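One structure below.
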2 protein chains.
Amino acid sequence: MDRPAAQVPPTIAEVARAAGVAKATAGRVLGGYGSPSPELQARVRAAAEALGYRPNMLARSMSTGVTKTIGVVVADISNPFFAGLVRGIADAGRAAGYDTVLVNTDERVDRERAAVEVLVGKQVDGLIIASAAGAPAPAPHLRAAISRGTPVVGVDRDLPDLDADVFVIDNREITRHAVDHLIDAGHRRIAYAWGPPHPGQVRSREELLGAAGADLSTGAARLRGYVDALDAAGIDLDPRLVTTGVETVEGTEEALRVMLGSARPPSAVFATETDALLGALRALQAAGLRCPEDVSLVGFDDSPWTAVVEPPITVVQQPVQQLGEAAARRLIQRIDGFDAAAERTVLSARLVSRSSVRGPRTQPA
Amino acid sequence: MDRPAAQVPPTIAEVARAAGVAKATAGRVLGGYGSPSPELQARVRAAAEALGYRPNMLARSMSTGVTKTIGVVVADISNPFFAGLVRGIADAGRAAGYDTVLVNTDERVDRERAAVEVLVGKQVDGLIIASAAGAPAPAPHLRAAISRGTPVVGVDRDLPDLDADVFVIDNREITRHAVDHLIDAGHRRIAYAWGPPHPGQVRSREELLGAAGADLSTGAARLRGYVDALDAAGIDLDPRLVTTGVETVEGTEEALRVMLGSARPPSAVFATETDALLGALRALQAAGLRCPEDVSLVGFDDSPWTAVVEPPITVVQQPVQQLGEAAARRLIQRIDGFDAAAERTVLSARLVSRSSVRGPRTQPA
DNA sequence: GCCACACAAGAGACCGGTCTCTCTCTCGCA
DNA sequence: TGCGAGAGAGAGACCGGTCTCTTGTGTGGC
């Protein structure tokens, strides 16, 4: 025999037999419940050791109804934002003895639904989800999970019409603040990279806000913050300065290159995602423009590299890991039976001012 | 009652009773095994639908011995390298119907051991691990997992003395190639950022190679590649150009700043990690040096930003996601009973040449 | 010195599926 | 018409733990 046959792991019953006690007694010793006598404890322990006994958590979960596992559903773990989020969740979970099952959905609602069903089927004790199902979709799969007794906590995205805790960033406020920062520097034509996923060009303010949907998704909230800032400053919203329907680095680059080459180009760019910022940077390079001399730049998500590039980039920094930790802690409270009304918790992002913002080259009229 | 009490989900027995059939029959219909008659199928299906039946995967796993879950153990999911790796694993896993349980170890062997035990206890069908337990530690926890019948596949790091498949990058060769690239450009004093974790200054070549350990960890392999290149070019290894004992952005920055300010500073830096590259960039900024005019730079791990910074940085690009996919596919083969001798598969990284390398400012003597 | 009570240990049900074994019914063929 | 094969349905064991219920033992109080 080439590879030694896997010996079947011993069960509690076998340990009990080896120790000469009843299965129940061995269970009490090995499971740490009840009150077995010190003498039998020693005997059972010795037998377990000798046989190399390891508890089967599946069987334990089967009878206790607890898996010590939480399900995490995000769009894409290779996105640094979600990676940080999951790290926070995993850390807070582990501190309380929970493991983490991870599923990627790529923002597809069908895969999200499938993921939730699988996880609930696997009897996770709770679910943390950055749901792709926006305001129109009422997320019936999540409702089903909750009604079956699996607590659900939303993170980064709101969970419309659902009786669930939610932890989000103050996207609208921080975006308004960031755009204010550009306006204060004198900019009036500010491009917005990664607008709503609407296909094709949007013509009017109404159409734009309509395409963004309700105020619940992060994207819509950020766009509203942008509009808030413009409105407060009395700047007309120019829909042509908002990219629509692009959600890749390349798409953003292309869209911004067109904008920057137009008759009335933007003097600043606000990028709502790391990839949008990357696209903006590439568009500037391709157009032979320099930051901040020619175009000012503000990004979202504080990746370490934004601080070391030339120039260091002013960004909105989200408390990603804390967001994950807070969500996980609350979920665990719920699992433990905490029974208060669901809450919406807003964590504050902050604007980290660096050197990518300066006044526009030609003062606006 | 404020929040509706979670109704206990129906079991197969209840569905069977509602449909007026035996539990076994309902099981056959709902579990998709055996051959129930079309008529009873319809009846059971209707009853299941009416009651909102969802199978309990835990119970199924309990009796089949299969959980359709793979455990993944990495150092830190918020590190883009591991995030990409996990994404690859999750994708290949999902394609075969497997979910992914993720554990972070922060490179700590004690946490790695605990993680493996928990995962095996939870009866994962297989394990993929980027093990922190280097050559000296014989990884008894992994041996235990294998002997219990849980297949283990190593990824990114070798698994010394273990009968397990392993998927790694050709670290030594690609590092030699990258350093050759710097040497070809005329550099002879090449700093190496993120050398062995040895505390304190290393004095000699022997001490350095000894500190790096056997040729099995990625770090040791990269260091050897560096030495290979130097040797082939007849350049004396200067241990002072190799950072030791630092594994943070700040630590690297500090160490390199000292080097760059020394009497015989390096004219180029080879950074073996994303964070090492970040540290190098910061050190250059702090020292008021420019890349590539003053110092050339080659990094590891192709993060998108390396292409858009000024100057675009020459980096070693690892096929991260493919690595994860390959490991997961092989693991699943093993789970399915594939029984050939364990293999060590080496995927090739490649050097992406950009603009951060140029000849040294003063030609070496 | 006797009774009651506390507590440890054993026996076995239970969690919710799967799966084997047995029984019955039907159909085909002689 | 009778018999055998085969298929479909039911009963119940089983996976490996937990936990309740019962039994038995020892101890303390009066």
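A, B, ... follow the sequence lines: proteins, then strands. Residue 1 opens every chain. None of the values given here were measured: they were computed from a predicted structure.
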Quiz item: Is it true that Arg108(B) and Asp106(B) make a salt bridge, defined as a side-chain N closer than 4.0 Å to a carboxylate O?
Solution: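 Salt bridge: no.
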
Quiz item: With a 4.0 Å cut-off, would you call Lys122(A) and Asp99(B) a salt bridge?
Solution: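 Result for this pair is yes, salt bridge flagged.
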
Quiz prompt | dA8(C) OP1/OP2 closer than 4.0 Å to side-chain N/O of Ser37(A) | solution =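 Checking Ser37(A) against dA8(C): no side-chain N or O falls below 4.0 Å of OP1 or OP2.
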
Quiz item: Just to confirm, is there a sub-4.0 Å distance from OP1 or OP2 of dG10(C) to any side-chain nitrogen or oxygen of Thr25(A)?
Solution: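 True: Thr25(A) side-chain N/O within range (under 4.0 Å) of dG10(C) OP1/OP2.
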
Quiz item: Toward the 5' end of DNA chain D, which comes first, Tyr33(A) or Val21(B), by nearest nucleotide?
Solution: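 Upstream on the strand: Val21(B).
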
Self-check item: Which residue lies more 5' along DNA chain D, comparing Ala59(B) with Arg43(B) via nearest heavy atoms
Solution: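 Counting from the 5' end, the first nearest nucleotide belongs to Arg43(B).
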
Quiz item: Going 5' to 3' on DNA chain D, which nucleotide is the first and which the last to come under 4.0 Å of a heavy atom in chain B?
Solution: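 For DNA chain D, the relevant span reads dG8(D) to dG16(D).
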
Quiz item: Base, sugar-phosphate, or nothing for Leu58(A), non-hydrogen atoms under 4.0 angstrom?
Solution: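 Here Leu58(A) touches no strand at all.
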
Quiz item: Leu30(B) near the nucleic acid: base, sugar-phosphate alone, or nothing, with a heavy-atom cut-off under 4.0 Å?
Solution: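 Since no nucleic acid heavy atom lies under 4.0 Å of Leu30(B), the category is nothing.
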
Exercise. Identify, between Lys23(A) and Glu39(A), the residue whose nearest nucleotide on DNA chain C lies closer to the 5' end.
Key: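 Nearer the 5' end of the strand: Glu39(A).
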
With no hydrogens and no angle check, is any side-chain donor or acceptor of [X] less than 3.5 Å from a backbone partner on [Y]?
X	Y	result
Asp158(B)	Pro160(B)	no
Glu117(B)	Ala114(B)	no
Ser78(B)	Asp76(B)	no

Quiz item: Side-chain donor-acceptor pair under 3.5 Å between Glu112(A) and Ser131(A), yes or no?
Solution: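 Yes, Ser131(A) and Glu112(A) have a side-chain donor paired with an acceptor closer than 3.5 Å.
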
